[in-house]
Amino acid sequence: MQIQKPRGTYDLIPAEVVKRRYVEETARKVFSNFNFNEIRTPTFENTQLFKRGIGEETDIVSKEMYSFNDGEFTLKPEMTASVIRSYLENSLYNESPLQKLFYISNMFRAERPQKGRYREFSQFGAEAIGSGDYSIDVEMISLGDSILKALGLKDYTITLNTLGTNEERKAYLSKLKEHLKPFENQLSETSKVRLEKNPLRILDTKNPEERKILEDAPVLYDFLSDESKTHFQNILTSLDALKIKYVVDYKLVRGLDYYTSTAFEFISSELGAQSTILGGGRYDVLVEMLGGKPTPAIGFAAGIERILILLEEKEKAGKFTFPEDNKLNLYIVNAGLKDNSKIQKLLLDLRALGIKCDSDFLSRSVKSQMKESNKYNAEFTMVIGETEVESQKCRLKRMADGKEIEADLNRIYDDIMLFEELLRKQNPNG
RNA sequence: GCGGAUAUAGCUCAGUAGGUAGAGCGUCAGAUUGUGGCUCUGAAUGUCACGGGUUCGAGCCCCGUUAUUCGCCCCA
């Protein structure tokens with residue numbers, strides 16, 4: 001029996017690699033424009049890092065981690081914990097008080113696969129470590145927005161909330177529990193468990209009955225300090241000034257323990273259950289939790305597969321096209337030349353000069369080779385046989401319009417560059 | 001992890017009442033000797049996801065497995 005790829009993984013065949021590279025390169029370009037620097041960390045970490053950083057009770061840590069070596073190591077299920085670990089381990093805080101970092105990497109979570117949800121998946125994301133100022137929150141949101149716009153996406157909603165500080169949340173949570181207690185029997189099993197362990201997550205429910213119960217539940221925002229409220233309002237004011245549209249949703253929460261204060265999600269309606277294409281927020285306590293000095297920080301991550309699904313849907317609808325790979329500059333047709341090394345020598349010289357060129361390796365007919373050249377969308381084609389080798393001359397054909405010049409085999413590169421001029425000289429009327 | 005659906009050529013899909021597979025696209029070759037795109041002609045390719053069962057006989061029916069997909073859940 002054929003061996004299959006593991007569940008929830010995928011192959012990227014050449015046609016798909018081109019699309020993915022477009023996403024990665026576009027993201028990289030925008031990150032760079034925002035003066036964020038790339039960071040790369042190991043594929044696996046000590047399991048302890050994620051337990052401490054993400055939280056033992058989270059779904060990710062409690063049931064979705066790929067651990068091995070008796071649980072000592074774990075394939076990274078997200079990047080933030082790794083980035084902070086690396087930030088501390090390499091003392092990046094000594095290089096400058098604000099570190100603006102980005103990453104593009106694959107992650108691993110043992111979830112049930114679905115559209116837009118894989119067991120090995122990819123994210124690009126950014127972390128700004130060292131500033132508690134609201135302006136960096138705005139910077140991050142506009143960074144995410146800029147990348148998606150640069151990619152050609154615009155049909156998404158930016159949803160914002162603020163989760164306040166741990167102390168503020170504590171006061172709120174007891175009120176929320178009080179509100180939910182009477183309805184406990186109507187809650188789902190998971191919500192019942194959460195009522196004790198993490199009541200905030202109940203706000204996130206999709207269950208219509210639970211949503212109803214939550215309608216007149218206390219609102220977290222009302223429990224926040226003036227400082228927290230001002231921080232949030234300043235962000236909103238700035239976003240208005242930048243003409244970035246958003247929706248405030250006081251029920252938006254995040255699933256990882258390290259989040260505090262600002263939280264945001266970029267949501268698309270075209271992805272079914274996996275509607276979040278980009279999500280993030282502040283995590284002002286994480287650096288300290290991982291052994292550093294108290295350091296405010298904020299980050300986000302975006303799902304590359306989800307973005308690709310959206311772009312492919314747009315492509316199908318005729319509203320988008322992926323940029324093509326660089327086309328072949330020259331295809332050399334071998335017309336019965338026994339000594340192929342003469343052609344390969346030519347290819348080698350041209351390639352060294354930066355020309356993308358190829359030839360036949362199947363001893364096919366001239367006609368087939370021409371078709372091949374056409375399929376590769378080659379800019380130029382030339383035919384070389386015994387006659388050409390002897391005379392050191394050949395005909396160089398431009399595929400777009402079929403026009404030809406006589407070219408010198410000893411200076412093909414120059415002739416390609418001078419094509420138009422030579423064409424005029426050789427055919428003054430054509 | 002729970003519930004539903006699906007699984008036929010590289011791709012998109014047909015396949016009638018169970019009688020051992022087809023189309024379009026793509027690929028390859030040819031349409032007079034060494035020149036592509038259009039057109040025409042022709043060819044190749046499937047253990048009908050895998051394993052078992054029912055039957056004289058299964059792509060079609062039954063069971064299991066695997067994978068995909070939708071919802072829950074989770075999140076990017």
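Quantities reported herein were computed from a predicted structural model and do not represent experimental measurements. By convention in this document, chain letters (A, B, ...) are assigned in the order of the sequence lines, proteins followed by strands, and residues within each chain are numbered from 1.
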*Residues A/E305, A/Y10; criterion side chain to side chain contact (heavy atoms under 4.5 Å, CB included); working and verdict*: CA-CA 11 Å; A/E305 291 81 5; A/Y10 52 83; 2.4 Å; yes
Need one value for [X]: base, sugar-phosphate or nothing, where a base atom within 4.0 Å counts as base even if backbone is also close, heavy atoms only.
X: A/G280; value: nothing
X: A/R112; value: base
X: A/E64; value: sugar-phosphate

Go ahead and name the base partner of [N]; Watson-Crick or wobble counts if both distances stay under 3.5 Å, otherwise write none.
N: B/rU66; result: B/rA7
N: B/rC48; result: none
N: B/rC40; result: B/rG30
N: B/rU12; result: B/rA23
N: B/rG1; result: B/rC72

[X] side chain vs [Y] backbone, donor-acceptor pair below 3.5 Å:
X: A/R117; Y: A/R112; answer: yes
X: A/D360; Y: A/N334; answer: no
X: A/N46; Y: A/Q48; answer: no

_Side-chain donor/acceptor contact of A/R201 with base of B/rC73 under 3.5 Å_ = no
_Residues within residues 297-330 of chain A bordering RNA chain B, heavy-atom distance below 4.0 Å_ =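 Within residues 297-330 of chain A, the residues near RNA chain B are A/A301, A/G303, A/R306.
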*Just wondering, more than 12 heavy atoms not from A/K51 lying within 6.0 Å of its NZ?*
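Result for NZ/A/K51: open.
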*Electrostatic pair A/E379:A/K327 at N-O distance under 4.0 angstrom*: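 No salt bridge links A/E379 with A/K327.
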Can you tell me how far [atom2] of [N] sits from [atom1] of [X], to the nearest Å?
X: A/M140; N: B/rA76; atom1: CE; atom2: P; value: 14 Å
X: A/Q114; N: B/rC70; atom1: CD; atom2: P; value: 6 Å
X: A/K5; N: B/rA67; atom1: NZ; atom2: C1'; value: 7 Å
X: A/M107; N: B/rA76; atom1: CE; atom2: P; value: 10 Å

With rounding to whole Å, what would you report as the distance between [N] and [M] at their [atom1] atoms?
N: B/rU8; M: B/rC50; atom1: C1'; answer: 14 Å
N: B/rG19; M: B/rC56; atom1: C1'; answer: 10 Å
N: B/rG30; M: B/rU35; atom1: P; answer: 12 Å
N: B/rA9; M: B/rA14; atom1: C1'; answer: 13 Å

*Check: A/D145/A/Y156 side-chain N/O donor and acceptor closer than 3.5 Å*: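 Yes - a donor-acceptor pair under 3.5 Å links their side chains.
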*In terms of side-chain heavy atoms, does A/T159 have a donor or acceptor partner in A/D249 at a distance below 3.5 Å?*
no
*Member of A/E210, A/R211, A/K251 meeting the side chain to side chain donor-acceptor pair (under 3.5 Å) criterion with A/T205*: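 Testing A/T205 for a side chain to side chain donor-acceptor pair (under 3.5 Å) against A/E210, A/R211, A/K251 leaves exactly one candidate, A/E210.
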*asked:* Side chain of A/Q4 only, heavy atoms from C-beta on: which candidate in B/rA67, B/rG71, B/rA76 is closest?
replied: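 Of all the options, the side chain of A/Q4 is nearest to B/rA67.
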*Tell me which nucleotide among B/rA76, B/rC72, B/rG3 gets nearest to the side chain of A/R254.*
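Nearest to the side-chain atoms of A/R254, counting from C-beta on, is B/rA76.
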*5'-most contact on RNA chain B: A/T205 or A/F266, nearest heavy atom basis?*
A/T205
*Toward the 5' end of RNA chain B, which comes first, A/E265 or A/T9, by nearest nucleotide?*
A/T9
*Sugar-phosphate or base contact per nucleotide [nucleotides 28-37 of chain B; S, B, -; heavy atom under 4.0 Å]*: SSSB--BBBB
*Look at the rings of A/F108 and A/Y66 and say which category their plane angle falls in: under 30° parallel, 30 to 60° tilted, over 60° perpendicular.*
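Answer is perpendicular, since the angle exceeds 60°.
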